[in-house]
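Working notes, beginning with the structure itself.
Below, read A as the first sequence line, B as the second, and so on, with proteins coming before strands; counting in each chain starts at 1.
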Amino acid sequence: MSGDHLHNDSQIEADFRLNDSHKHKDKHKDREHRHKEHKKDKDKDREKSKHSNSEHKDSEKKHKEKEKTKHKDGSSEKHKDKHKDRDKEKRKEEKIRASGDAKIKKEKENGFSSPPRIKDEPEDDGYFASPKEDIKPLKRPRDEDDADYKPKKIKTEDIKKEKKRKPEEEEDGKLKKPKNKDKDKKVPEPDNKKKKPKKEEEQKWKWWEEERYPEGIKWKFLEHKGPVFAPPYEPLPESVKFYYDGKVMKLSPKAEEVATFFAKMLDHEYTTKEIFRKNFFKDWRKEMTNEEKNTITSLSKCDFTHMNQYFKAQSEARKQMSKEEKLKIKEENEKLLKEYGFCIMDNHRERIANFKIEPPGLFLGRGNHPKTGMLKRRIMPEDIIINCSKDAKVPSPPPGHKWKEVRHDNKVTWLVSWTQNIQGSIKYIMLNPSSRIKGEKDWQKYETARRLKKCVDKIRNQYREDWKSKEMKVRQRAVALYFIDKLALRAGNEKEEGETADTVGCCSLRVEHINLHPELDGQEHVVEFDFPGKDSIRYYNKVPVERRVFKNLQLFMENKQPEDDLFDRLNTGILNKHLQDLMEGLTAKVFRTYNASITLQQQLKELTAPDENIPAKILSYNRANRAVAILCNHQRAPPKTFEKSMMNLQSKIDAKKDQLADARRNLKSAKADAKVMKDAKTKKVVESKKKAVQRLEEQLMKLEVQATEREENKQIALGTSKLNYLDPRITVAWCKKWGVPIEKIYNKTQREKFAWAMDMANEDFEF
DNA sequence: CTCGAGACTTGGAATAATATTT
DNA sequence: AAATATTATTCCAAGTCTCGAG
């Protein structure tokens, strides 16, 4: 396959990514409910009228009905259910709508439509070595000889002295120089800094300049205070009543506690859902006394409204608290944080992400989850596994209790774990993203993505070849990989049926999730995707694909039922194994990271106008960010107050415009005066009027930018990509290059998380 | 292989804190 | 100073991927 070909292709991709997919979301509003019908009734036109937002609910119901009937004829019981489920996803899908075409056009004008070129960089100048990844054993552990150091000391000074990783050393992992770099002993200093490492120093710790541990070892010393448990249940005051079948009923403490979970959410949509109610009621009954069980037999006869009002009043009261009271609470929280919110890991005091144990409550599964509404029981010390180093002080369990287990496993990063009762999954307490242990991993993730950049062309050629393979498995693998690469789809592990909502990713796509259009809207070989992805967020997209892909899809779909797997010979294990062979450390999700980051870099290059001012630059950045969010399908529900706040902003803009007009008039008359008078004083007046006009212009422009931005962001969530997919060094480099203060892009938390990137990237960093 | 347990990343919503307006 | 709007932080569900046993 020629390079040419490749290039063309990537143009197509780009178009699609940056415009089309977005467009879809909008169009999709008109169509979203239709797709299921397609199958029934394929050419049932597409000119169906638009649903306005408010109509949505209704149409949703209708569709649910249709769905049911549709499945009566044909699919199995099991699937009928599934489909129903999927239909309910529409709640989520409603998110995807509106926000008109204006947005798109704008983006186009701004160059969104131009293709992200897949450049074949000779080499990325890698400023820094990738963290471990490519070279496990070569790197020397932090110090073999300090294995026995006394843990408690907190190193400060000497840490800083450690030599930087040198650039040369970086690029090529394999050749990396052997161990022995640290002459400076890492042996802890005497006790000096023991208990309280100086804040500033601690914050400045540059772990990225230190050696990493060998593969597998996560730390040598770990000490912490254990978790903070949820406060015990406080029974309701006597005055708060629960009614059953119209009559007051006093609940036993246990039953009452569970009842309050439900009562608190009365306004929430959850409590109207069938499964939620069913699951809740079943679990609630388990907590009841026998008498209660006998009496309370129907949830619909339960009246929680009084309880609900009580809680509302409580939260109202909390808001109304005096300053002192609020301050007191704040101080208490800080104290708790100080005591439990940090651990000591290898000489450094590090922030813990979630030191509080999840309180009991109702399980709020997303999409339509078969277990939603079930009771998440209270976690007790006896459920808790503590992990710390052997030589650390083991945290003490609350009086009268003991831990389930204390272990000393330095192959893992967690401090505390317990098993959650809903799906039996394990929950963990781990460190904050600003910690070394998370940061290193994050850095490594981006380095893997950068390595992919170097061989992505090869891989693309490879999968193109594989489309022609004689082996079905290979073809499926190649087509799936094409989707993952081109559309940034998730891998799509298989899930246990009945345990979770029915959602899919690439490998788990079913025939019913795509529609093939030999020709659509003037384009050839269009694949229409429509499926519930992670968190039951709808993925809807129409993509022109290469002919061979199209033919392959037709082949894969032959003789299959809608509910059959599209890639029946493939799963994520097979795919990832193959990827591993193509490049060490390569897995499906690396493509998402890679495509996200490379898109940001390209978009920034295209959208940033050198002579624009800072707000305009920031707008460009956000647009680039948004392109990525669209690619990754990161959507959000439009904020509840969206319309209102938009109007407010508009009126501000109008007001500003008036002001500006006034100022301009003033300026004009001042100028006129100056012409006549010609004295210094009037000239001065002119100057000051000019300034005023300028200032107002700037303010106006700022507001307008804000408005544009908000509109464009209506249902797009930027956070996830910013936090998890975009190599922060790209952003840092961009900020440095254009003199945009990093604070404009990253807030405090983000700056902490990306401290490594801020320190190491300069303006010519290339992803 | 396949399967399940385990560990860790990714995800949007809820909630709290802060800024801005009235 | 209260009310409201906006932003930051917390929360915890839901993914990905690895590993070890059969």
Protein-nucleotide distance (A/Lys218, atom NZ; B/dA7, atom C1'), rounded to Å: 8 Å
Separation of atom CE in A/Met430 from atom C1' in C/dT10, rounded to whole Å: 17 Å
Donor + acceptor pair across side chains of A/Tyr539, A/Asn541 (<3.5 Å): yes
Distance below 4.0 Å between A/Lys438 side-chain N/O and B/dT9 OP1 or OP2: yes
Separation of atom CG in A/Leu723 from atom P in B/dT10, rounded to whole Å: 9 Å
A/Glu332, CD: over 12 other non-hydrogen atoms inside 6.0 angstrom: yes
Please produce a list of atom pairs where a protein N or O lies less than 3.5 Å from an N or O of nucleotides 1-6 of chain C.
unit_1	atom_1	unit_2	atom_2	d
C/dA5	OP1	A/Lys644	NZ	3.2
C/dA5	OP2	A/Lys644	NZ	3.2
C/dT6	OP1	A/Arg710	NH1	3.1
C/dT6	OP1	A/Arg710	NH2	3.1

5′-ward residue of the pair A/Asn747/A/Ala353 relative to DNA chain C: A/Asn747
Donor-acceptor contact present, side-chain A/Thr572 to main-chain A/Ala491, <3.5 Å: no
Donor-acceptor contact below 3.5 Å, side chain A/Lys722 vs main chain A/Ile745: yes
Distance, nearest 0.5 Å, that separates CG of A/Asn410 from CD1 of A/Ile217: 5.0 Å
Side-chain N or O of A/His268 closer than 4.0 Å to phosphate OP1/OP2 of B/dA14: yes
Distance-only side-chain donor-acceptor flag, A/Gln420 / A/Lys427, under 3.5 Å: no
Sugar-phosphate, base or nothing in reach of A/Arg751, heavy atoms under 4.0 Å: nothing
Value in whole Å for how far the P atom of B/dC3 lies from CD of A/Glu496: 10 Å
Value in whole Å for how far the P atom of B/dT2 lies from CZ of A/Arg569: 13 Å
Sugar-phosphate, base or nothing in reach of A/Arg592, heavy atoms under 4.0 Å: sugar-phosphate
Side-chain N,O (A/Lys577) to OP1/OP2 (B/dC1) below 4.0 Å: yes
OP1 or OP2 of B/dA14 under 4.0 Å from side-chain N/O of A/Arg636: no
Residue-phosphate contact under 4.0 Å: A/Ser417 side-chain N/O, B/dG6 OP1/OP2: no
Nearest-angstrom distance from the residue atom NZ of A/Lys640 to P of B/dA13: 9 Å
Gap separating the NZ atom of A/Lys264 from the CZ atom of A/Phe311, nearest 0.5 angstrom: 4.5 Å
Student check: side-chain heavy atoms of A/Leu452 and A/Phe591 closer than 4.5 Å: yes
Under 4.0 Å protein heavy-atom contact, by nucleotide of nucleotides 12-19 of chain C - B base, S sugar-phosphate only: SBBSBBS-
Closest-nucleotide 5' rank along DNA chain B - winner of A/Trp414 and A/Cys632: A/Trp414
Distance in angstrom units between A/Leu718 CG and B/dG12 C1', rounded: 13 Å
Heavy-atom side-chain contact between A/Glu350 and A/Phe342 under 4.5 Å: no
Expected output: side-chain A/Ser389 to main-chain A/Leu222 donor-acceptor under 3.5 Å: yes
Side chain of A/Lys652 - closest among B/dT21, B/dC8, C/dT10: B/dT21
Between B/dT10 (C1') and A/Ile537 (CD1): distance, integer Å: 11 Å
Of A/Gly719 and A/Ile574, the one whose closest DNA chain B nucleotide lies more 5': A/Ile574
